[in-house]
Amino acid sequence: MAFMSVLTEKGRRQALVVILCLLKLSSVTGQARYSIPEEQAQGSFVGNIARDLGLDVERLVSGKARIITKGNRQYVDLNRDKGILVIKERIDREELCEKTTPCSFSFELILENPIQLYRVTVEVIDINDNSPSFPKEEIGLKIVESVAVGTRFSLVSANDHDVGINDIQKYTLKPTDHFKLEVQNQPDGGRFVEMVLQTPLDREKEETHSLMLVASDGGEPHRSGTVRIHITVLDANDNAPVCSQSVYKADVKENSPEGSVVTTVSASDTDKGVNSEVTYSIPHVARDTKQLFKINITNGEIKVAGKLDFEKSKIHQLNVQASDHGGYTDTCKVIIQIIDENDNVPTIQLMSFSNSISEDSPSGTTVAVVNVNDEDSDGNGVVKCSINSDVPFKIESSLTGYYSVVTDNMLDRESVPEYNITITVSDQGSPPLSSRKTINVKVSDINDSPPKFDELEYIKTVPENNPAGFSVFTLRATDADSGQNARISYFLEDKHINGLPVSALVSVNSENGILHAVRSFDFEQMKSFEFNVSARDAGSPPLSAVATVKIIVQDQNDNPPQVLYPVQTGGSMVAEMVPRSADVGYLVTKVVAVDVDSGQNAWLSYKLQKATDRALFEVGLQNGEIRTIRQVTDKDAVKQRLSVIVEDNGQPSRSATVIVNVAVADSFPEVLSEFTDFTHDKEYNDNLTFYLVLALAVVSFLFITCLVVIISVKVYRWRQSRILYHSNLPVIPYYPPRYSDTLGTGTLQHVYNYEVCRTTDSRKSDAKYIQPMSQSLVSVEEAGAETPQVDKQLSGICSQMSTLQKPPNNDWRFTQGQRPGPSGATGGPEVAMGTGPWPQPPTEAEQLQALMAAANEVSEATATLGPGTMGLSTRYSPQFTLQHVPDYRQNVYIPGSTATLTSNPQQQQATAQQATQQALPPPQASAQPEPPKAAQTPASKKKSTKKEKK
């Protein structure tokens, strides 16, 4: 709401000044002016700024319109949603402008995107809210009775903070019997009040007078202030002091120190004595001025008493009163001009500032708007604004006192990510004063830089047989951009390698670029492969770069050598023949092996691991050739078994073993009988590990069991011996097995061994030796040592029964007809009845009966295996029947006798020869894949010869 003010002559002059100022501000984008009364409540309406400036409310909101003020206080606030200005806090015109008229304050309205600046001026209209007041409640005057009519007495003027019509308009003096009141206007707008004597005073009639001075303003409602004047009439002093000058003028610099002399006022009085003494005072002066100056009451010297400020007041007027003791006074004026000094530093106020600017912003883009101001005047208040020259920005003047910082060149964040712009403002004083303000402008990034790999091509080596998920290496790409534009993700480009997508071989972590092997690599299948990895940033649009990765698979020694020759088959055995006439260095055969690895992992060496006769053969270390190292003789065994190990040169090395069968013979039939056992070699090799573990477990169990049994037997025997020792029973001597008689004189050996061999699995084992053995203890051990391979290949269960008895009589014998059992002749009645020369000790008879019962059980168990084959598979020769199994009831030897319960040696030898002939295959049957196993070898022939001799 605007109020119309009553314009006095002074108001017209002020309006003319305002019009000239408006013409000077024609360069402003827009401006508005409002008038409001002071002391309005908070939130009161000031004006519709949107309508007055021709702006939309949406523009105020989108442009983030805000008010910028120079001072610390903001009286008016902006309502963006309605586009109006409202009172933010109470406005006191007297506090804001004091006596200055018209009273107004200005502020700027700033809009962004694009930046627009509007100046708004608000004039504060005075209301009559202050009453006139006098500095004192009472004025005391001393007047000589002889004072002449028309004498003037100055009075203190009242003060009213309001202006215009609301200021003091008139003074009234009551009563007016002796005095009248005259008011004079002063150049500074103040009023000089004097009281003029109208009628002479008579102290004798009335010694004191009491008057009332009333100051009234012209506001509505009217306000007034009063002061009481107390007049004391003195005795006559007919001469008053006279000032030497009616007006004094003096100049003083602002910021002059306290105590500086401004000027000296002098007055003279023609009276003599006490009435001629003059004192000086400044009775009527404004409170602010009184605090700035002081006067010496005796000599009239005026000095600076406070801080002078040209910007607050440029001129001061003092009314100095010279008084004598008789009450006569004279008044003179002292006009003090304040000289401006360059004491105010220019100020910089940041009105609008964008701390971030896009690197693709065009030249001329506004970054900041600043306001500069200098409170000094003339040249001291003229300022110059500039910025540092090492930045791609420049400063331009937009409005009076306003400067804009704009871009002057293209920006590149990757080169310079931010700028420190120093704004310097200096005045033209002497010496010049300046101030600086630094603002930091960050260049915001745009996605203009693609990612970049450290290398265009990566070549990495990965050992084969790597575990799945093996970390190969880390790809690293950099992006000169920042933020999301520099966030890089890694991807595999689609490609097929050996029919497989590259994602089936490797994977890359999209966040950190770690390359992992998805599967285990095999050098023998794939030695190397290439693929592309792209690095893509998160900008819009995204930029990418591609790097080539080559993975070289490093060979590991993961493949053992493979023997190509001789071929190891399970169906038949291949043997190399060496004639007995072979000389030294004779090439028997050559072991051929390969290794699918490469490099030194494929370098093969050949060594002879085992051999029947190591002094006969050697193997070439590099070529695998098996040669003889000495002359072959007739004493060399026909069957030679060589175990050759083939090793590669890897770390650790791998090896393969091949069995080479060599026959030292001149003809094939001689060889055939020696290689009938080789059908089980493959199975033996396959099950060797299992048998070894099983044997270890069984041996451990048997050892523990035997240990427990032996301890139990020892304890039991000890207890039995203790019982027999204390009893009257006859003691029967006990002879342990293989106990030799050192006192006997018999002609036969005292140890008789019977080897009973029976099969538990006719498909895997054969009965090798079914013949009685009657060697001594030494011969049994030697026989076991001579045929270690035969004992290993026997899978039947062999049990040896040994009986050792002490003969009761050296010349006691049985004839052939006295043999017990079905195979012997029928005995006489003595034998049947248990009489005759049979020994009477029951212990030996019981032992003989137990032996016969064991022989019968063996015969019955053998008969249950089936007729003809003894439970063997039909794949063995049908000629090998039960007729070849000896009757163990015939192999009974009478302890202490040289007679045996068996046939004569000639019949036994004939029976063995017949079994040998039946076991040998016919000549046409030599081509069968499985030759009969009952054929005798030269070694067995030698054994038979030894037995026959015995």
Side-chain angles (χ1 to χ4, degrees), residues 8-10 93-94 97-101 126 128-143 150-176 178-198 209-219 222-231 243 246-248 265 279-295 302 305 312-313 315-323 327 329-336:
T8 59
E9 186 67 26
K10 180 178 179 182
R93 193 209 64 80
E94 290 74 21
C97 301
E98 296 183 353
K99 287 292 184 178
T100 304
T101 56
D126 184 44
N128 192 22
D129 58 341
N130 293 288
S131 300
S133 61
F134 289 90
K136 297 180 179 180
E137 294 181 357
E138 183 176 338
I139 300 175
L141 296 177
K142 294 179 179 181
I143 302 176
T151 304
R152 298 175 176 274
F153 300 94
S154 62
L155 301 176
V156 61
S157 59
N159 183 28
D160 193 340
H161 294 294
D162 296 328
V163 295
I165 193 64
N166 297 323
D167 198 0
I168 298 174
Q169 300 296 321
K170 63 178 181 179
Y171 287 89
T172 304
L173 185 62
K174 296 177 182 181
T176 58
H178 296 279
F179 298 91
K180 68 176 182 178
L181 194 64
E182 290 186 1
V183 180
Q184 298 179 7
N185 293 326
Q186 295 184 351
D188 59 350
R191 293 185 179 185
F192 184 71
V193 182
E194 289 183 325
M195 185 176 62
V196 181
L197 183 62
Q198 296 184 104
H209 297 272
S210 181
L211 305 177
M212 184 71 69
L213 179 62
V214 179
S216 304
D217 59 20
H222 294 286
R223 294 177 178 269
S224 62
T226 60
V227 63
R228 182 176 299 277
I229 303 175
H230 184 77
I231 299 175
C243 294
S246 59
V247 177
Y248 289 86
V265 178
T279 59
Y280 303 92
S281 64
I282 308 175
H284 314 300
V285 67
R287 180 170 51 186
D288 296 340
T289 303
K290 188 175 182 180
Q291 294 176 354
L292 298 177
F293 302 98
K294 63 182 179 179
I295 189 170
I302 299 174
K312 289 184 177 181
S313 180
I315 188 172
H316 297 276
Q317 179 176 329
L318 303 177
N319 294 318
V320 179
Q321 177 178 298
S323 304
T329 61
D330 190 12
T331 303
C332 61
K333 298 179 180 180
V334 179
I335 300 174
I336 302 174

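If you read the sequence from its start, that first residue is 1, and numbering goes on from there. Just so you know, these numbers use all the heavy atoms, side chains as well, and skip hydrogens, waters and symmetry mates.
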* Criterion side chain to side chain contact (heavy atoms under 4.5 Å, CB included) on K174 and L211, from CA distance to verdict -> CA-CA 6 Å; K174 296 177 182 181; L211 305 177; over 6 Å; no
Check your understanding: So, the side chain of E138 versus the backbone of K136: is there a donor-acceptor pair under 3.5 Å, distance only?
Key -> no
Value for OG (S313) from CD1 (I336), rounded to nearest 0.5 Å, stands at 10.0 Å
Applying side-chain contact (heavy atoms from CB on, under 4.5 Å) to K180 and not counting sequence neighbours gives E182, V196, Q198
Those residues at least two apart in sequence (or on a different chain) that pass side-chain contact (heavy atoms from CB on, under 4.5 Å) with I335 are V247, K249, I315, Q317
All heavy atoms of S323 vs all of T329, minimum pair found to be OG-CG2, 2.9 Å
OG of S210 to CD1 of I231, rounded to nearest 0.5 Å, is 8.5 Å
* To do: Evaluate side chain to side chain contact (heavy atoms under 4.5 Å, CB included) for V193 paired with S154, printing each intermediate quantity in order.
  => CA-CA 6 Å; V193 182; S154 62; over 6 Å; no
Rounding to 0.5 Å, atoms CG (N185) and CZ (F192) come to a distance of 12.5 Å
Taken to the nearest 0.5 Å, the spacing of L173 CG from L155 CG works out to 7.5 Å
Derivation of the side chain to side chain contact (heavy atoms under 4.5 Å, CB included) call for T331 and N319: CA-CA 6 Å; T331 303; N319 294 318; 4.2 Å; yes
Check: R191 side chain, S157 main-chain N or O, donor-acceptor pair, under 3.5 Å | no
Any side-chain heavy-atom pair from L318 and T289 closer than 4.5 angstrom? yes
- Query: Do you see a donor-acceptor pair shorter than 3.5 Å between the side chains of D162 and N130?
  - Reply: yes
(Q) If you define the side chain from C-beta out and look only at heavy atoms, does anything of V156 sit under 4.5 Å from F134? (A) yes
Hits for side-chain hydrogen bond (donor to acceptor under 3.5 Å, both in side chains) against H230, two or more places apart or cross-chain, chain-then-number order -> none
For C97, the side-chain contact (heavy atoms from CB on, under 4.5 Å) test, sequence neighbours excluded, returns R93, T100, C103
d(L181 CG, T172 OG1) to nearest 0.5 Å is 7.5 Å
Sequence neighbours excluded, the answer for ring pair (Phe, Tyr, Trp, His ring centres under 6.0 Å) partners of H316 is F293
### Message
Can you confirm whether the side chains of D126 and N166 place a donor and an acceptor under 3.5 Å from each other?
### Response
yes
Hits for salt bridge (charged side-chain N to carboxylate O under 4.0 Å, His left out) against R228, two or more places apart or cross-chain, chain-then-number order -> none
Does Q169 use its side chain to pair, donor to acceptor, with the backbone of A215 at less than 3.5 Å? no
Side chain proximity check, V320 to I302, heavy atoms < 4.5 angstrom
yes
Residues passing the side-chain hydrogen bond (donor to acceptor under 3.5 Å, both in side chains) test with Y248, sequence neighbours excluded, are S244
In terms of heavy-atom contacts, K290 and V285 come closest through CB-CG1, 3.5 Å
_E137 atom CD, over 12 foreign heavy atoms within 6.0 Å_ = no
CZ (R223) and OG (S133) are apart, to the nearest 0.5 Å, by 12.0 Å
Residues at least two apart in sequence or cross-chain that pass side-chain hydrogen bond (donor to acceptor under 3.5 Å, both in side chains) with H178, listed by chain then number, are T199
Item to complete: Taking the side chain as every heavy atom from C-beta outward, state whether I229 and L141 have any atom pair closer than 4.5 Å.
Response: yes
Across all chains, not counting sequence neighbours, the side-chain hydrogen bond (donor to acceptor under 3.5 Å, both in side chains) partners of D330 are none
Hits for side-chain contact (heavy atoms from CB on, under 4.5 Å) against S216, two or more places apart or cross-chain, chain-then-number order -> K170, V214, S224
Sorted by chain and residue number, the salt bridge (charged side-chain N to carboxylate O under 4.0 Å, His left out) partners of E194 (sequence neighbours excluded) come out as R152
